[in-house]
Amino acid sequence: MEKLNGKKVLIAGATGGIGSQAARMLAGSGAEVFLTGRKADRLAALADSIGVPHGRCFVTDLTDAAAVASMAEDIGRQCGPIDILVNASGIGIIKPVEQLSPEEFNLTLQANLTAAFLLVRAFLPGMKEVKKGLIINIPGVLGKVPMAGAAAYSASKYGLVGMMQSIREEVKRTEIRITNLFLGGVDSPFWDTIDLRVQKDRMIRSEEAARAIWFLCQQPLSGVVSEMVLQPFNHQAI
Ligand SMILES: NC(=O)c1ccc[n+]([C@@H]2O[C@H](COP(=O)([O-])OP(=O)(O)OC[C@H]3O[C@@H](n4cnc5c(N)ncnc54)[C@H](OP(=O)(O)O)[C@@H]3O)[C@@H](O)[C@H]2O)c1
């Protein structure tokens, strides 16, 4: 098992259901975590509860290229290249395509795809310098199989998969590992704004999703987990 002691890990979406649990678990395993999210109060409360100094917290809109670049510079100054980037940020807008406004479509692409691009663009160069690193994104199963009402969401997540597979080709002569984590429904605030009848009690718990991230961070350097699929037991789509 790969030790996490002193590993420098950035968790994007740290204010979210999955990201906050991942932050808790990785910090608890000795990783030196950096946290980013948009809600300042939630970020500060999480940092205090897991003992992360506020200097390692960044209130950042990840769709803002300049803000992401400035966060990367600050983190680089503090610790050099990070070892692991966990991107647990994103939004879900689920509705029939004719009800989807162009603004909602673009917002989804911005939050789920452009943000992932900006993060990789900012943090990959450091990993390339040392020729190693791990990047985990969470396309979810809707980045693999379609669902009615998920035109914008699946477009963003299929795009994320394609983008990361392409980047994987760019780094294949290094030990930089890229993992796409395909999660089924996870009980988190993600669903709070989605007008869909869902059974949260039958979903994966955020802690279990975070445990999958924790597991991926512990994998030995001799291999690559390119994909992981984790779905609720009675809700398997693929
Ligand atoms: N929950 C599920 O069923 C499920 C299933 C498969 C895949 N996923 C994926 O897993 C990831 C995490 O989901 P979750 O369930 O933890 O959702 P969540 O609880 O709603 O958390 C989403 C996180 O993304 C952040 N975020 C959204 N837009 C952002 C932006 N423009 N800039 C910076 N941060 C932004 C939020 O920050 P603030 O709250 O601070 O604004 C929050 O930290 C997402 O990519 C989601 O698509 C979720």
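Computed from heavy atoms alone, side chains included, the values below leave out hydrogens, waters and symmetry copies. Note that ligands are numbered from 1 as they come in the structure, with each ligand's atoms numbered from 1 the same way.
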Under 4.0 Å to a heavy atom of Thr15 - the qualifying atoms of ligand 1, by number
36 (C), 37 (O), 38 (P), 39 (O), 40 (O), 42 (C), 43 (O)

Using heavy atoms and a 4.0 Å limit, tell me yes or no: is Lys157 in contact with ligand 1?
yes

Residue, atom name and distance, where the atom is the protein heavy atom closest to atom 39 (O) of ligand 1
Lys39 NZ, 2.8 Å

When every non-hydrogen atom of Ala209 is compared with those of Ile204, the smallest separation belongs to N-CG2, 3.9 Å

What protein heavy atom sits nearest atom 10 (O) of ligand 1, and how far off is it?
Ile138 CG2, 3.6 Å

So, regarding Gly16 and ligand 1 (criterion: nitrogen or oxygen to nitrogen or oxygen, under 3.5 Å), is there a contact or not?
yes

List ligand 1 atoms under 4.0 Å from Thr63, heavy atoms only on the residue side.
31 (N)

Is any N or O atom of Arg42, backbone or side chain, closer than 3.5 Å to an N or O atom of ligand 1?
no

What's the shortest heavy-atom distance between Tyr153 and Ile94, and which atoms?
CB-CD1, 4.1 Å

With heavy-atom distances below 4.0 Å as the criterion, list the atoms of ligand 1 near Gly185.
3 (O)

Heteroatom distance test (Gly90, ligand 1): nitrogen or oxygen, under 3.5 angstrom
yes

With a 4.0 Å cut-off on heavy atoms, is Ser206 touching ligand 1?
no

Any atom of ligand 1 sitting under 4.0 Å from a heavy atom of Gly92?
no

Residue pair Asn87 / Ile136, side-chain heavy-atom distance below 4.5 Å
no

Here the atoms of ligand 1 under 4.0 Å from any heavy atom belonging to Trp191 are 1 (N), 2 (C), 3 (O)

Does the N or O separation between Gly17 and ligand 1 drop below 3.5 Å for any pair?
yes

Counting only nitrogen or oxygen atoms and a 3.5 angstrom limit, does Val186 reach ligand 1?
yes

Note the single closest protein heavy atom to atom 5 (C) of ligand 1, along with its residue, its atom name and the distance in Å.
Gly184 O, 3.3 Å

Atoms in ligand 1 with a heavy atom of Thr60 nearer than 4.0 Å
32 (N), 33 (C)

Tell me which protein heavy atom sits closest to atom 41 (O) of ligand 1, plus the residue, atom name and distance to 0.1 Å.
Arg38 NE, 2.8 Å

Residues, nucleotides or ligands: over 12 heavy atoms within 6.0 Å of Glu175 CD
no

Regarding ligand 1, does Val141 bring an N or O atom to under 3.5 Å of one of the ligand's N or O atoms?
no

Could you identify the single nearest non-hydrogen protein atom to atom 15 (O) of ligand 1 and state the distance to 0.1 Å?
Ser188 OG, 2.5 Å

Per-atom contacts, ligand 1 versus Gly140 - under 4.0 Å to a heavy atom
6 (C), 7 (C)

With distance as the sole test, does Arg202 use its side chain to make a donor-acceptor pair with the main-chain N or O of Pro232 at under 3.5 Å?
no

What atoms of ligand 1 come closer than 4.0 angstrom to any heavy atom of Tyr153?
7 (C), 8 (N), 9 (C), 46 (C), 47 (O)

Could you identify which residues cluster with Val97, counting Ile, Leu, Val, Met, Phe, Trp and Tyr as linked when any side-chain heavy atoms lie under 4.5 Å apart, either directly or through a chain of such contacts?
none

Short list, please: which atoms of ligand 1 are under 4.0 Å from a heavy atom of Pro189?
19 (O), 20 (O)

Gln78 and Asp74: side chain donor to acceptor below 3.5 Å
yes

Got an N/O contact under 3.5 Å between Leu183 and ligand 1?
no

Closest contact, heavy atoms only, Val198 versus Met203
CB-CE, 3.7 Å

Would you indicate whether Arg211, at its atom CZ, is surrounded by more than 12 heavy atoms from other residues, nucleotides or ligands within a distance under 6.0 Å?
no

For Ser49 and Arg24, does a side-chain donor sit closer than 3.5 Å to a side-chain acceptor?
yes

Looking only at protein heavy atoms, identify the closest one to atom 32 (N) of ligand 1 and say how far it is in Å.
Leu62 N, 2.9 Å

Going by heavy atoms in the side chains, are Ile176 and Lys131 under 4.5 Å from each other?
no

Quick one: does Thr15's side chain get under 4.5 Å of Arg38's, heavy atoms only?
no

Do any nitrogen or oxygen atoms of Ile91 lie less than 3.5 angstrom from nitrogen or oxygen atoms of ligand 1?
no

Side chain of Thr60, backbone of Ala67: donor and acceptor closer than 3.5 Å?
no

Looking at ligand 1, does Ala88 have a heavy atom less than 4.0 Å from it?
yes

Please check if the number of heavy atoms outside Arg173 that lie under 6.0 Å from its CZ is greater than 12.
no

Which residue supplies the protein heavy atom nearest to atom 17 (O) of ligand 1, what is that atom called, and how far is it?
Phe190 CB, 3.4 Å

Whether over 12 other heavy atoms sit under 6.0 Å from Asn5 CG:
yes

Provide, to 0.1 Å, the distance between atom 31 (N) of ligand 1 and the closest protein heavy atom, together with that atom's residue and name.
Asp61 OD1, 3.0 Å

Locate the shortest heavy-atom distance separating Glu207 from Met25; write the atom from each residue and the value.
O-CE, 3.4 Å

